Undergrad: 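Dropping the structure in here first, questions after.
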Amino acid sequence: MIKIIQCLAVCLVLCLSVSTGFSQVLPPPSNVTAMDTPNDDGSSITIKWDAAPEDSGISGYQILRRLAGGGLEEVGGILPAGTTTYVDSTIEKGNAYAYIVRAVSATEATVESEETAPVSGSGEWFHTGKIPLLVAMLLFSAAIVWNIYDARSGKEIFVRRIPGLEAVDEAIGRATEMGRSILYSLGLGRVEEVPTIASMTILGQVARRTADYETPLRVPCRDPIVMNVVREVVRTAYLDEGRPDVYNEENVFFLTESQFAYAAGVDGIMVREKPAAVFLQGQFFAESLILAETGNSIGAIQIAGTDSEHQLPFFIAACDYTLIGEELYAASAYLSREPMLLGSLRGQDWGKLFIFGIIVLGVVLELAGVNWITTLLQRVS
Amino acid sequence: MELFGIWVAALLTLCIYSFLYQDNPFYRFAEHLFVGISVGYGIVLSIHQGLVPFALKPLWAALTGESLSGLIKLIPIGVGLLFFARLSPQHVWLIRYPIAILIGFGAGIAIPNVLRANIFEQTRGTIEPFAAMHAGTLSGFGVFEAILMVAGVVCTLTYFFFSVEHRGPVKWLSKVGIAFLMIGFGSAFGNTVMGRVALLIQRVDFLLSDWLNLIS
């Protein structure tokens with residue numbers, strides 16, 4: 001009898017130990033930390049925890065948070081098993097939150113980590129991750145400033161021939177001889193956009209010549225703010241040429257902000273006024289071909305320029321001359337020959353030369369198995 | 001009402017297409033209607049999506065004591081009001097301040113992003129395939145593609161050097177660069193023309209099915 005009881009006891013102990021060994025006990029997520037997300041505006045908190053071993057049985061994680069003095073609430077959905085970081089972007093600024101990470105198994109068993117200390121989000125004034133970009137910008141700016149000073153010291157700066165810009169005088173002269181107007185469109189860009197700014201500087205140079213020749217210069221604008229700036233640019237050009245009497249403010253006018261209504265309006269002006277020269281300089285979109293085609297159909301000499309690579313083919317096909325991409329930015333220096341703009345142009349060339357060198361060196365190094373240039377570029381971008 | 005809308009849309013479509021023949025009163029009518037309606041619509045949109053939510057509501061909230069932070073909107077509103085200085089010839093110079101702020105803000109936002117996305121990212125993208133080439137994971141076509149891309153970038157970049165005379169090797173590199181550009185423009189041209197033809201088909205489909213019920 002005693003032996004039977006002993007056998008039963010041994011079996012019971014064995015069964016218990018075997019069942020304990022085979023059942024999966026989920027380990028709680030360890031080293032859970034919550035911290036204010038760096039380099040943001042204070043609208044998120046980052047939660048981190050250690051990766052669980054592959055055989056831990058964890059199939060996902062659920063993030064829980066507690067507002068000071070409140071209950072626990074779930075944040076977001078179930079995260080995949082390999083996750084070790086979560087950014088909670090649903091916080092309210094100024095509130096402190098404590099977090100718990102809950103591990104979930106395939107059988108829906110759960111185990112929770114310890115609660116973190118309460119953390120609140122705060123914004124940063126300076127994005128430390130952007131320091132390499134700042135350094136690159138400073139170097140680039142230094143190259144431009146250096147060249148501007150060099151140009152101002154009287155050193156002559158060479159600028160290669162840009163056919164589209166050499167035709168500007170020809171176009172204005174033609175309009176003057178024919179007694180017709182010149183139409184200048186800055187496209188659809190807003191005042192703060194780079195192609196619009198570049199286009200305004202070209203317009204300033206065109207306006208100087210039209211002031212000299214007393215040729216009417218018509219500028220339909222798509223943006224009321226652009227219109228105001230353009231009026232200033234044209235007025236200043238006429239004043240500089242000593243011809244304020246020829247300046248007519250009504251020739252720089254607002255048309256509409258709608259893209260295709262603008263195209264329809266400019267087309268109407270073209271076919272009715274039949275300008276002898278059409279300048280399409282700035283940012284253009286789908287209306288580019290409509291404008292260029294109409295200008296072509298009325299026999300106007302057309303000089304276009306844009307950095308919108310999808311519209312350039314249409315300008316090349318329908319216009320007499322086209323400024324491709326950066327030629328638009330070089331135009332102001334080319335036309336005015338001002339030392340500051342010429343120096344800036346050469347500074348930009350230095351930047352391009354630097355990129356040229358980086359590409360060649362990067363390719364050679366990558367082929368040799370050294371990838372520090374791509375790593376550096378990754379950091380900068 | 002829907003039928004009326006279809007008739008208006010169809011007739012205006014025909015008025016606009018009549019421009020393909022020559023300028024005529026129908027096109028002029030449609031053009032002026034289009035421009036006028038778009039301006040009116042733009043003004044209403046500016047009021048509802050700009051003035052009311054970003055200026056009037058915060059100010060009202062501040063005045064009623066609901067949220068005093070709305071008072072900070074007085075600064076941009078004040079700067080914006082300077083645009084109206086144009087109406088007074090004596091104070092027209094004040095308009096330069098909001099314009100300078102706008103251009104400065106726009107350039108400040110745009111330049112770092114352009115440097116990052118258009119220069120550094122693209123440079124990295126040009127070099128990176130050579131790491132795969134070194135690792136031996138690039139296919140034969142991939143190798144060709146990577147070499148072609150570097151050649152295209154280097155030659156096209158050469159074309160955009162303005163302060164160097166284009167003669168000798170620079171001339172030939174820039175000539176190859178312009179060839180790359182033209183091939184790219186050609187493909188973009190074909191692609192976009194196909195898109196425009198699709199738009200034409202959509203419009204003709206509207207005329208034939210919705211308006212004339214000739215096709216179902």
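Labels below follow one simple rule: chain letters A, B, ... track the order of the sequence lines, proteins then strands, and each chain is numbered from 1. Heavy-atom basis, side chains included; hydrogens, waters and symmetry copies ignored. Nothing here was measured: the structure is a model prediction, and the numbers come from that model.
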Undergrad: Is any side-chain heavy atom of A/Ile355 closer than 4.5 Å to a side-chain heavy atom of B/Gln122?
TA: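 With C-beta onward as the side chain, the pair stays apart.
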Undergrad: In Å and rounded to the nearest 0.5 Å, what is the CG to CZ distance from B/Leu102 to A/Arg190?
TA: 10.0 Å
Undergrad: For the interface with chain B, which of A/Arg160, A/Met137, A/Glu192 has the highest count of heavy-atom pairs at distances below 4.5 Å?
TA: A/Arg160
Undergrad: Checking B/Tyr27 against chain A: side chain, backbone, both or neither under 4.5 Å from a heavy atom?
TA: side chain
Undergrad: Answer with side chain, backbone, both or neither: which region of A/Ile197 has an atom nearer than 4.5 Å to a non-hydrogen atom of chain B?
TA: side chain
Undergrad: Which atoms of A/Asn371 come close to chain B, meaning under 4.5 Å heavy atom to heavy atom: side chain ones, backbone ones, both, or neither?
TA: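 It is neither, since no heavy atom gets under 4.5 Å.
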Undergrad: Does A/Gln378 form a side chain to side chain contact (heavy atoms under 4.5 Å, CB included) with B/Arg124? I'd like the steps, not just the answer.
TA: CA-CA 7 Å; A/Gln378 199 161 16; B/Arg124 186 162 64 93; 3.8 Å; yes
Undergrad: Heavy-atom pairs under 4.5 Å with chain A - which of B/Ile109, B/Ile103, B/Leu181, B/Ile16 has more of them than the others?
TA: B/Ile103
Undergrad: With a 4.5 Å heavy-atom cut-off (strictly below), which parts of residues 226-235 of chain A touch chain B? List them by number.
TA: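 The stretch touches chain B at A/Asn228, A/Val229, A/Arg231, A/Glu232, A/Arg235.
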Undergrad: When heavy-atom pairs shorter than 4.5 Å are enumerated against chain A, which of B/Arg96, B/His32, B/Glu128, B/Met133 gives the highest number?
TA: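 Highest number of pairs under 4.5 Å: B/Arg96.
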Undergrad: Please round to the nearest 0.5 Å and tell me the distance separating atom CD1 of A/Ile324 and atom OG1 of B/Thr156.
TA: 10.0 Å
Undergrad: Would you mind checking which part of B/Ile37 comes under 4.5 Å of any heavy atom in chain A, side chain (CB onward), backbone (N, CA, C, O), both or neither?
TA: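 B/Ile37 has no heavy atom closer than 4.5 Å to chain A.
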Undergrad: Give, as side chain, backbone, both or neither, the part of A/Thr294 having an atom under 4.5 angstrom from any heavy atom of chain B.
TA: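 Contact with chain B: side chain only.
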Undergrad: Supply the atom-to-atom distance A/Leu133 CG to B/Ile111 CD1, rounded to the nearest 0.5 angstrom.
TA: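 Rounded to the nearest 0.5 Å, the CG-CD1 separation comes to 11.0 Å.
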Undergrad: Scan side-chain atoms only and decide if A/Glu326 and B/Tyr159 contain a donor-acceptor pair under the 3.5 Å cut-off.
TA: no
Undergrad: List the atom of A/Thr256, the atom of B/Ser38, and the distance in Å for their closest heavy-atom pair.
TA: OG1-OG, 2.5 Å
Undergrad: Check each atom of B/Arg28 against the heavy atoms of chain A and say whether the ones under 4.5 Å are side chain, backbone, both or neither.
TA: both
Undergrad: State, with a plain yes or no, whether a side-chain heavy atom of B/Phe161 is found less than 4.5 Å away from one of A/Lys352.
TA: yes
Undergrad: From A/Ile298 CD1 over to B/Asp23 CG, what is the distance, rounded to the nearest 0.5 angstrom?
TA: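 It is 11.0 Å, given to the nearest 0.5 Å.
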Undergrad: Give the interface residues of residues 144-154 of chain B toward chain A, defined by a heavy-atom separation under 4.5 Å.
TA: B/Val150, B/Val153, B/Val154
Undergrad: Looking at B/Glu31 and A/Gly268, what are the two nearest heavy atoms and their distance?
TA: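 Result for this residue pair: OE1-CA, 3.5 Å.
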Undergrad: So what's closer than 4.5 Å to chain A heavy atoms on B/Leu199: side chain, backbone, both or neither?
TA: neither
Undergrad: Answer with side chain, backbone, both or neither: which region of A/Ile316 has an atom nearer than 4.5 Å to a non-hydrogen atom of chain B?
TA: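 A/Ile316 touches chain B through side-chain heavy atoms alone.
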Undergrad: Under 4.5 Å heavy-atom distance to chain B, tell me which part of A/Leu345 shows up: side chain, backbone, both or neither.
TA: side chain
Undergrad: For the residue pair A/Ala136 and B/Phe120, what are the closest heavy atoms and their distance?
TA: CB-CZ, 3.6 Å
Undergrad: How far does NE2 of A/His310 sit from CZ of B/Phe185, to the nearest 0.5 angstrom?
TA: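 So the NE2 of A/His310 and the CZ of B/Phe185 are separated by 10.5 Å.
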Undergrad: Does any part of the side chain of B/Thr192, heavy atoms only, come nearer than 4.5 Å to the side chain of A/Leu289, both counted from C-beta?
TA: no
Undergrad: For B/Ser163, does its backbone N or O pair with a side-chain atom of A/Asp349 as donor and acceptor, under 3.5 Å?
TA: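 At least one qualifying donor-acceptor pair exists.
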Undergrad: Let me know if A/Ala368 has heavy atoms under 4.5 Å from chain B in its side chain, its backbone, both or neither.
TA: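 Backbone of A/Ala368 only, per the 4.5 Å heavy-atom cut-off to chain B.
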Undergrad: For A/Glu249, is it the side chain, the backbone, both or neither that has a heavy atom under 4.5 Å from a heavy atom of chain B?
TA: side chain
Undergrad: If you compare all heavy atoms of B/Val193 against all heavy atoms of A/Phe314, which two are closest, and at what distance to 0.1 Å?
TA: CG2-CE2, 4.2 Å
Undergrad: Got A/Ile373 and B/Thr123 here, is their nearest side-chain heavy-atom distance under 4.5 Å?
TA: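 No; the side chains remain at least 4.5 Å from each other.
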Undergrad: Would you call A/Thr374 and B/Phe130 a side-chain contact if the rule is heavy atoms closer than 4.5 Å?
TA: no
Undergrad: Which value, rounded to the nearest 0.5 Å, describes the distance between B/Phe160 atom CZ and A/Phe356 atom CZ?
TA: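 One finds 14.0 Å between CZ of B/Phe160 and CZ of A/Phe356.
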Undergrad: Which atoms of B/Ala131 come close to chain A, meaning under 4.5 Å heavy atom to heavy atom: side chain ones, backbone ones, both, or neither?
TA: both
Undergrad: Between A/Glu293 and chain B, with a heavy-atom cut-off of 4.5 Å, which part of the residue counts as in contact: side chain, backbone, both or neither?
TA: neither
Undergrad: So for A/Phe254, is it side chain, backbone, both, or neither that comes closer than 4.5 Å to the heavy atoms of chain B?
TA: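 Side chain only.
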Undergrad: Answer yes or no: is there a side-chain heavy-atom contact under 4.5 Å between B/Phe162 and A/Gln348?
TA: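 A side-chain contact is absent here, since even the closest heavy-atom pair is not under 4.5 Å.
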